[in-house]
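Following: one structure in structure tokens, then a few remarks.
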Amino acid sequence: MHETDMTKALILTVKDWQESQKENPQISCIHLIVGKFTCVEPVGLQFAFEVQTKNTFLNGVKLVIQETPLVAFCHQCQAEYHPEIGIQYACPQCKSPMDDIRSGRELKIDRVEYVENYAPNF
Ligand SMILES: [Zn+2]
């Protein structure tokens, strides 16, 4: 997946949210959850975000990325395990192929920090 397209989608989502708020919140920080198995590079995402938000309503807003590890569940063993990305996608106990991913594919906004703007609208 391309970080540039992802960032575009992220900005649109935040914009929609902001426009739906009555108080016209001043966003200060966006917390993202990015799974290790999404192939999204946090560094690339940070860079794309900085470039695309320059001189927009998100100018100077901080992007905080929290990565989640890849966790799979083996139904044979009834246990969770951590597949090695790029090396082995199978249960270390019984070698069943990975088929039930429990975490690591997330790509979502965790929360947005903002200050409500109480300036009256005349
Ligand atoms: Zn197993």
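The analysis underlying the following values was restricted to heavy atoms, covering all of them including side chains, and did not include hydrogens, waters or symmetry mates. First listed ligand is number 1; within each ligand, the first listed atom is number 1.
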Less than 3.5 Å apart, which donor and acceptor atoms pair up between the side chains of residues 5-19 and the rest of the protein, not counting sequence neighbours?
unit_1 : atom_1 : unit_2 : atom_2 : d
Thr7   : OG1    : Glu3   : O      : 2.6
Thr13  : OG1    : Ala9   : O      : 2.8
Gln18  : NE2    : Pro25  : O      : 3.0

Q. Counting no waters, what protein N/O/S atoms lie under 2.8 Å from the Zn ion (ligand 1)?
A. Cys74 SG, Cys77 SG, Cys91 SG, Cys94 SG

When the side chains of residues 100-107 are checked against the rest of the protein, which donor-acceptor pairs come out under 3.5 Å, sequence neighbours left out?
unit_1 : atom_1 : unit_2 : atom_2 : d
Asp100 : OD2    : His75  : NE2    : 2.8
Asp100 : OD2    : Arg102 : NH2    : 3.0
Ser103 : OG     : Pro69  : O      : 2.9
Ser103 : OG     : Glu106 : OE2    : 3.4
Glu106 : OE1    : Thr68  : OG1    : 2.8
Glu106 : OE1    : Gly104 : N      : 2.8
Glu106 : OE2    : Gly104 : N      : 3.4

Q) According to the ring pair (Phe, Tyr, Trp, His ring centres under 6.0 Å) rule, which pairs have a member within residues 81-101, sequence neighbours left out? A) Phe37-Tyr89

(Q) Testing the basics here: between Leu70 and Pro83, what is the closest heavy-atom pair and its distance to 0.1 Å? (A) O-CD, 3.6 Å

Q) What's the shortest heavy-atom distance between Leu45 and Val34, and which atoms? A) CD2-CG2, 4.1 Å

Q. Counting only N and O atoms by type, is there a donor-acceptor contact under 3.5 Å from the side chain of Glu113 to the main-chain atoms of Ile30?
A. no

